[in-house]
Amino acid sequence: MSGTIVAKWRRILQETGKTMSRYIYSFLVFFIFWVAFTTSLQTDELIVGAVVAFIMAFYTGKQFSEGGLSNLSFRKIVFTVRYLFVFVWEMIKANMDVAKRVLSPKMPIDPGIVEVPTKLKSNIAKLALANSITLTPGTLTVDVIEDKLYIHWINVTTTNPQETFGEISAVFEKYIKEIFE
Amino acid sequence: METIPFILSILFGAAVLAYLVGKFNYILKVGVSIVGLIWAGWLFLGLQGTLSSFTFKMLGFDIIWRINPLSWLFGMIIFGLAILTAIFSGSYMKGKERVDFYCFAMCITVASMFGIVVSGDLLSFFFFWEIMTWSSFLMVIYYRYEAQAAGLRYFVMSMIGAYAMLTALLIVYAQLGSFLFDVLSAGWSGFSLTLQIWLFVLFVIGFAVKAAMMPLHTWAPDAYTISPAPFTALFSGALSKMGIYGLALLFFVFGAGKLASSVITIQGVSLPGYILAWFGAITALLATFKAIVQDDAKKLLAYSSIGQLGYIILGFSLSSSMGVTAGLYQAVNHSIFKGMLFLAVGAVFYRTGTRKLSEMGGLITRMPYTFFVVLLGIITVAGMPPLSGFTGKWLIYEALIEKHLIFLAVVAFGASTAAFLYLYRIIFTIFLGQRPKRFDEVKEVPWMMRAPMLILALLTVYLGFYPYQLLDLINQAQVYMGIAPFDLSHSMLFNSYGNVSTITVMNIVAVVFFIVFILFNTLYKRSRKVGLKDIHTSGEVPGEEINLHYAVDFYQPFARGVSIFLKRSVSKIYASLADNLEGLFDVMRYVYTGNGQTYALFVVIALAFLFLVKDFLV
Amino acid sequence: MIYIFFGVIGLALVLAAVRFILGPTTSDRVVALDTLTTISTALLVLLGLFFHRYIYIDVALIYGVLGFVGVLTIARYLEGGL
Amino acid sequence: MIYYVAAISLILIGIYAVLVKKNMIKIVLGLTLIDSGVNILLVSLGYVKDKTAPIFSNPTLTAGDMVDPVPQALVLTAIVIGVAVTALALSIVIRIYDHHKTLNINKIRELKW
Amino acid sequence: MYLDPVLMIALPLFAAFLIPPLARISKGLVKYVPVLIIGFNLYETVMLLPHSMVKPVIVIIAAWAPPLGINLTIGPLGNVLALIISLVGFVVAVYNIRFVEEEPNEKYHMLFLLLTAGATGMVLTGDIFNLFVFLEITSISSYALTAFLRDRDGAEAAFKYLLIGSMASTFILLGIALIYATTGTLNMAQIAVRLKDVDPRIAIMALILLITGFGIEAEMFPLNGWAPDAYSQAPTPIGAAFGGIVVKAGVYALARLIYTIFSFQGIFHFILIAGIITLLIAEMSAIRQKQLKRMLAFSSIGQMGLVLIALGLATTRGVEGGLFQMFNHAMIKPLLFLSAGYLVFYSGSKNIEDMDGMGRVKPLLSFFFAFGAFAILGLPPLSGFWSKFIILSETISHGFIAVATLALFGSIIEAVYYLRVVGRLYFKAPHDGAKVQYVPKSALVAMSILALITLVTGLYPDLVMTYLKPAAAELIDKSIYIKAVLSAGL
Amino acid sequence: MRKAIAVLFLGFIGYYLLSTFLLVPFGVVRVLEGVGLKYLQDGLQQTGAANLVTSIVVNYRGFDTLGEVTVLFLAATGMGALLYSKRPTERARQNASVIVKTGARILFPLIIILGAYVFIHGHLTPGGGFQGGAIIASGFLLMFMSYRTYHVNHVILSRVESSAGSVFVIIGLLGLAYGSSFLANILPLGTANTLFSAGVIPLIYVAVGFKVGAELTALLDTMLQTVK
Amino acid sequence: MLDALHYTGYVLTSFGVLFLLLGALGILRMPDVYNRMQAGTKATTLGAVGTIMGVGLINPEWFLKTLIISLFILLSNPISSHALARGSYRIGIKMWQKKDIDAYKKAVQESEEKEEAA
Ligand code: NA
Ligand code: NA
């Protein structure tokens, strides 16, 4: 009997803790943004920033973040940094590719829309993946429906989902999974 | 308190009060207006011979209200007729609706007319003139259903007249910087000839509308016919005289008569006067023709009225001592007899419910007093001795002959003779002949209606015998107007050719009249059925079997004879003019097309236009 | 140096503007518009560099945000999502 | 100089749209074009060559370095007013569309003269 | 004693902002807010009269003396016009109490309050751009109110109004831009002083742009295409407010421009000619109208034509007449609109031909309409007579006899169409369909106030003229205005 | 036909407008006594606001701004009146993709904060109540675009509008009560270029920001609800 | 150090500007709207980020703000491109294609059926 009560309270506390963590995380992010906006560390700016961040966290904290403070774990930050490098590299490649196509008089393209499966569950992860894909070689995310991405591919080499996954999104997906899930 | 503003307050107050108490009690509202009128009239009577005046400033304009012999003369007409018709109304209007409204409009009309005659400046003259217009308009449209078109025509014609007058008086103000009559009479001669002519024309248009001078008369027949009977008496008797009063002012007070000295004269008459005389004569003639063919008693009298006003204008336009006397005399006289005739016709209508001559007959036994009034009335109108009408017409012929305007005299005389045709008809068709069955039970009108008619009738008799008192008043007015007083001894009536005793004339005529009367009664006692092949219908082949009656088609040959004058009805010309004009306004459809973009385009075009002419705007 | 930047960006703006004018579909125009806003954001930052005024950076940020929301709105409108 | 030309051209194009376009939305867009033109004109009237925005954001700036701030203030107001009018215009268009089921202004002229 | 005149603007805005929460507490209370606030404005304008007549009252805002800051300049002219606006506003607000049943009625009262405040601001402000802002407040509330009933025709009218109104704003802004670029100031008094040194080629263009803009609000032909639709399709009290409030503010702006700010003489002739054309075209259009309120709308334009003629004369007396005409029109046209509104309502039709016999069914309403018709025709002793008289007198005195004649011709047309309606009201049999219903007391009170003013000023015109004379003087002699404003900072 | 007429007259107008504006020298100081130069010289000292546009908008010509706020308020009110209907309709026919939704969710608070930053720093940076309000509204627009059932609470919006507008007027009235005139700057001006400077200017701009944000949001929501 | 940042900044900006031009050229030259998006998204995003971060390096005190702008662009540009592509597809703008490869068609049909059913 008492065990269930304790469990219940634990659950409530856990829930509350999770919610609180989301609020606090949001507050921190918002406050950082404020500082970035003002690029100032004057006290009055910080106070006002704290107030604004608090208000915004209070109203939008829940929807802003799913993970809360856990987003700030060391592991995730490391993966984020690594991912950034990978991503920037991919992006530069993408742009070289675009440059080649744009500048070549014949425009060697063979476009089409292909299906790419994903194992990512959270929306934010899907967003990150979709954006990453959009910004890299010859691909553009047209839509995400459940666990499938539909990608406009400027030069389709395969339509097999397994192969498209490998070609288009495999590089990003493992990092993103680490960072967001 | 100053008398003139006090009288005005009484009259306006009576109007408002009658309207307010009118919601509660009939006797009260009629009583208030009658008492108000009598009180005001009494006070007015006391002003005779005085030079009471009242001055103040309004919006910086000098305003003066004053009394003088001329205005007193016209004031007398107004109050005399107003009081009598108000009393008549007391009975006539009983049981009718919106009597409060009626009393209100009546008192306002009287007040405004009084205001007109006491105005010593053009501003208040115009102010009261406009009040008179709308208040009488309210009366014209008193009978709601039929009256609208007539009322509108009356109002529009009045507006045209008023605005002509307004233009004239504003020009005067622009020239002289004042609206005062005194300033104007001093300054008129200083105007250029062109300006004088313009002012003259504009003022004449303004006054002629109210005086129903042809071709500005078109409102009058319908308006007279349609307004309530007692008011018609006032309308024709007093209100139309305001136009005459205006003409008198124009000619003799403002100094338009002096125009004579500077322009061509024809037989001693100034050109404008001469032209006006012709207008007056033609008005008299054509109106008579029109009157002859009317079937509606009031319409008949209305045309008659127009004709009579034509005579008055004719007299004035001569600008001679005798002519003016004739005009003024006839003005007073006309007020009396036309007042009583309209009241009488009203009385008949009150009892029979119709004004159609063709529907009536034989009422002499049922309404003897009314018959008597009408009889005296038509004698007066016809200008037969011994009644007052005789003196008036006689004076006019004399004035014309004096100026050697023989042709005009012939026209005037012709009109006068023709007048007898319709006058005969009115008495015959209403009171003589066969009485339709439905009028067998008709009774004479109540005393409250009888009395005013009889008073007026007796007045014509009195004036017929003793015109001197009136002529004396007229002479006083004439002195004020700067016209030599008319020496009675210079009239043919009274001069060296032999004094005609009005009493003798009266006796002779009375005998003649009765003989004629009996003859008619015996000869045409009965009307008869006319078969389809009966040729005894003045050459007319009847379209169906009809009850031949003097009222019906009696004057058909005559009508055909004068049809050339009647065919082109002036009012039809105006109507088609107005319709065409109004139709022309439809071009505005191309402006207000309903298309917002077109409106925007207008804005652009306007801006472009302004840019184009910008150098002129600096 | 910075004038060259302006020259190149100006050329980019012109090219994108040509696409905006050519169309042919509304989508094409919106794509051109999207590109134009992105380029303009960069241009504003460059202007800040040119005038040595920090305030242009603020303007660029705001411009970017408004441009994004605007393009997104049009995109949704195209889709019949409004 | 080119600003004058550009601004006036914008205004004229906007007015042209207002005068000629049949679709009411396009007419409203024409109105916003006019607004933009006017605003550009206003701002360019305040522009002074080689001067910068009138904000003393760093101490080296002096009054002599700056363009006239008044036109900018006016433009701010004008923009807001323009937005307000546009919003209202669109809602009127929506109402009209509800009633007439068309955006063609030629079909919306029940109210003739 | 008057309070700070800036409250005449500040309080209406404040109240408008507070109406939404008030409406949540009590919807019934909202409709009294405009009555109260505009009543306060009326009080203020009356209390200010004795002061402004002597010397313009300058109200400094935000502690910055002109030309640095915006100021209110309450000279005789501004005060008189503010009085007119508040008076009409007050009467219409009273009428509104029982008029608006349509949801969301608290918005209606808000919009109306702001319309009045905007017009008041227009006539009081001393700053030309501020004038523009208040013009926008006035027009935007007008657009919204025109379409307030959400019916088909209201929306159509509002769209046209907005279209033309936006063009007005454009031209006004362009004009202001030119003025600021050449004089470096927005204060009207200072502009007036500095424009003397400005290239006249620029100045005249600025004037043309501004005149076109404000001419639209003043219903000058051919800029008035919006007016008939807006007047007739807006809710009745708003039609009344257009005639009594909005147009007055537009004409004020026009007068201020051509008299005080610019000193071009040629423009007066243009205004005169525009006036007579406006008058004639309006009257010609009015007579052919089938709908009552549309007819009134065209008539209103015609009356404004007369005012323009008066302003175009550019003489003291002429301007006095013009102002008097504005005053009269501001009293009479709302009277006509307000009575026509219920006539339309009770007859169930907008058409004139369906007004038959309303005199019997609704005697008091019909009386007010007839009274208004007589007054607007200038029949003595109602007030319209005097203003018309003075204007025509001045027109003729200055040799424009043709103009006067045409104006009189217009008056005759006017008489025909008004009396046709009056005739129908009283002298035709009522239709079976006419509903006899209760006319709210508030409406009758509103109309009675207007009718009484019309009668009293007709009988005693000097009552009004005393205050109009200094107002006219302020226009004719611009140094009065300029000196008062520019010395305020010292 | 209409096109030809329009082109003709517009060409005409264009010619005159341009030739007039060409008389106005471009890019130079034209009027030495102009009020703009006065603001430049004394504005910072007189109002304490680094952004002179703001000091003009909120202080020198604060009365205009009150009017401007009113105009926007009017538009929102008018629109509410015109598009008033008893039952709000569903906004969108189609859902946005999960990408847009998620992106919007994340960006929304950041955009709002940006808006707040802009109106709070109106006296220091090129921004202000209107701009900040517009940014906030664009944040809401983003949400409207992304979630077809996203509604703002109009009661709250209306309260924000009302209280913000009232704050503006009340600050003005306080100026009247404690200062020399309506809208007079009754607070100390502080040190230029710090957040708490320029007296009432930032206060007013914050109020304006709230008001504009709320109004534009209400406008958008009303309009989007009605368009089907 | 500052100099190094300065020069890096200029290099970055130069690249950025170049890519902006490339992107613009791309949307001009590509055959259909989807391909234009491909060019526009990638090149202009990188170009803008490069330009802006370059300026951030040239003026290090602006760095934080330029970073914010760059992050915003990185997040928002793909989203808007995606929304545009999706919108274009759904209103029926055809792809320029050599072969008929379109996996999305079926998905759209399915999802629309689902919505209708709901
Ligand atoms: Na973008
Ligand atoms: Na992109």
Side-chain angles (χ1 to χ4, degrees), chain D residues 4 7-8 10-12 14-15 17-19 24 27-28 30-47 68 70-71 73-75 77-78 80-82 84-101 103 105 107-113, chain E residues 128-130 132-133 135-137 139-144 146-167 169-174 176-182 184-186 225-226 228-230 232-233 281 284-286 288-291 294 297-298:
Chain D
Y4 291 162
I8 291 174
L10 266 181
I11 294 171
L12 294 178
I15 298 180
V18 168
L19 294 182
M24 283 191 292
I27 291 175
V28 176
L31 291 180
T32 59
L33 271 185
I34 298 175
D35 282 344
S36 323
V38 174
N39 292 338
I40 290 173
L41 197 61
L42 266 172
V43 170
S44 58
L45 284 174
Y47 174 74
D68 190 345
V70 176
L74 302 187
V75 164
T77 306
V80 172
I81 290 173
V85 172
T86 309
L88 205 62
L90 287 176
S91 48
I92 293 172
V93 170
I94 290 170
R95 268 291 153 213
I96 291 179
Y97 186 81
D98 278 356
H99 288 294
H100 292 262
K101 297 295 169 219
L103 287 173
I105 193 166
K107 302 209 171 107
I108 300 143
R109 38 200 289 197
E110 295 294 318
L111 304 172
K112 288 191 188 124
W113 91 309
Chain E
I128 198 165
F129 191 79
N130 198 237
F132 168 75
V133 171
L135 170 74
E136 289 299 318
I137 294 181
S139 351
I140 293 178
S141 32
S142 305
Y143 307 150
T146 302
F148 185 81
L149 296 177
R150 298 193 296 278
D151 56 337
R152 190 187 63 181
D153 292 350
E156 183 185 336
F159 191 72
K160 290 178 200 167
Y161 189 6
L162 186 139
L163 216 57
I164 310 293
S166 300
M167 294 185 79
S169 325
T170 306
F171 298 142
I172 292 169
L173 261 185
L174 285 175
I176 292 176
L178 277 179
I179 287 181
Y180 180 76
T182 49
T185 183
L186 294 164
W226 60 273
D229 293 355
S232 54
Q233 304 310 320
I281 287 187
M284 280 153 71
S285 306
R288 300 299 283 167
Q289 295 306 314
K290 301 226 159 27
Q291 290 186 3
R294 244 179 127 66
F298 277 111

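Remember, it's a predicted structure, so these values are computed and weren't measured experimentally.
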* Asked: Would D:Arg95 and E:Asp151 satisfy side-chain contact (heavy atoms from CB on, under 4.5 Å), going step by step from the backbone distance to the final call?
  -> CA-CA 8 Å; D:Arg95 268 291 153 213; E:Asp151 56 337; over 6 Å; no
* **chain E contact via D:Leu74 - which portion, at a heavy-atom distance below 4.5 Å** => both
* Asked: Just how far is it from atom CD1 of D:Ile96 to atom CZ of E:Arg152, taken to the nearest 0.5 Å?
  -> 11.0 Å
* Side chain from CB out, backbone as N, CA, C, O: work out which of these in E:Gln291 comes under 4.5 Å of a heavy atom of chain D, or both, or neither. => neither
* Asked: D:Leu88 and E:Ala144: which non-hydrogen atoms are nearest, and at how many Å?
  -> CD2-N, 4.0 Å
* Asked: Going by heavy atoms in the side chains, are D:Val70 and E:Leu186 under 4.5 Å from each other?
  -> yes
* **Within-4.5 Å side-chain heavy-atom neighbours: E:Leu162 and D:Leu31** => yes
* Can you name the nearest heavy-atom pair linking E:Ala158 to D:Ile92, along with the distance? -> CB-CD1, 3.7 Å
* Among D:Asp68, D:Asp35, D:Val93, D:Val28, which residue forms the greatest number of heavy-atom pairs with chain E at distances under 4.5 Å? -> D:Asp68
* What part of E:Glu156 is in contact with chain D, defined as an atom under 4.5 angstrom from a non-hydrogen atom: side chain, backbone, both or neither? -> both
* **Spacing of CD1 belonging to D:Ile81 relative to OG belonging to E:Ser166, to within rounding of 0.5 Å** => 11.0 Å
* To do: Report, as yes or no, whether the 6.0 Å neighbourhood of atom OH on D:Tyr47 holds more than 12 heavy atoms from other residues, nucleotides or ligands.
  => yes
* Evaluate side-chain contact (heavy atoms from CB on, under 4.5 Å) for D:Ile11 paired with E:Leu174, printing each intermediate quantity in order. => CA-CA 10 Å; D:Ile11 294 171; E:Leu174 285 175; 3.9 Å; yes
* Asked: Heavy atoms, side chains only, cut-off 4.5 Å: are D:Thr77 and E:Phe132 in contact?
  -> no
* Proximity breakdown for E:Ala157 and chain D, heavy-atom pairs closer than 4.5 Å -> both
* **Interface moiety of E:Phe159 toward chain D, non-hydrogen atoms closer than 4.5 Å** => both
* side chain to side chain contact (heavy atoms under 4.5 Å, CB included) partner of E:Leu173, chosen from D:Ile34, D:Val38, D:Leu41 -> D:Val38
* **Side-chain donor/acceptor of D:His99 to backbone N/O of E:Asp153, under 3.5 Å** => no
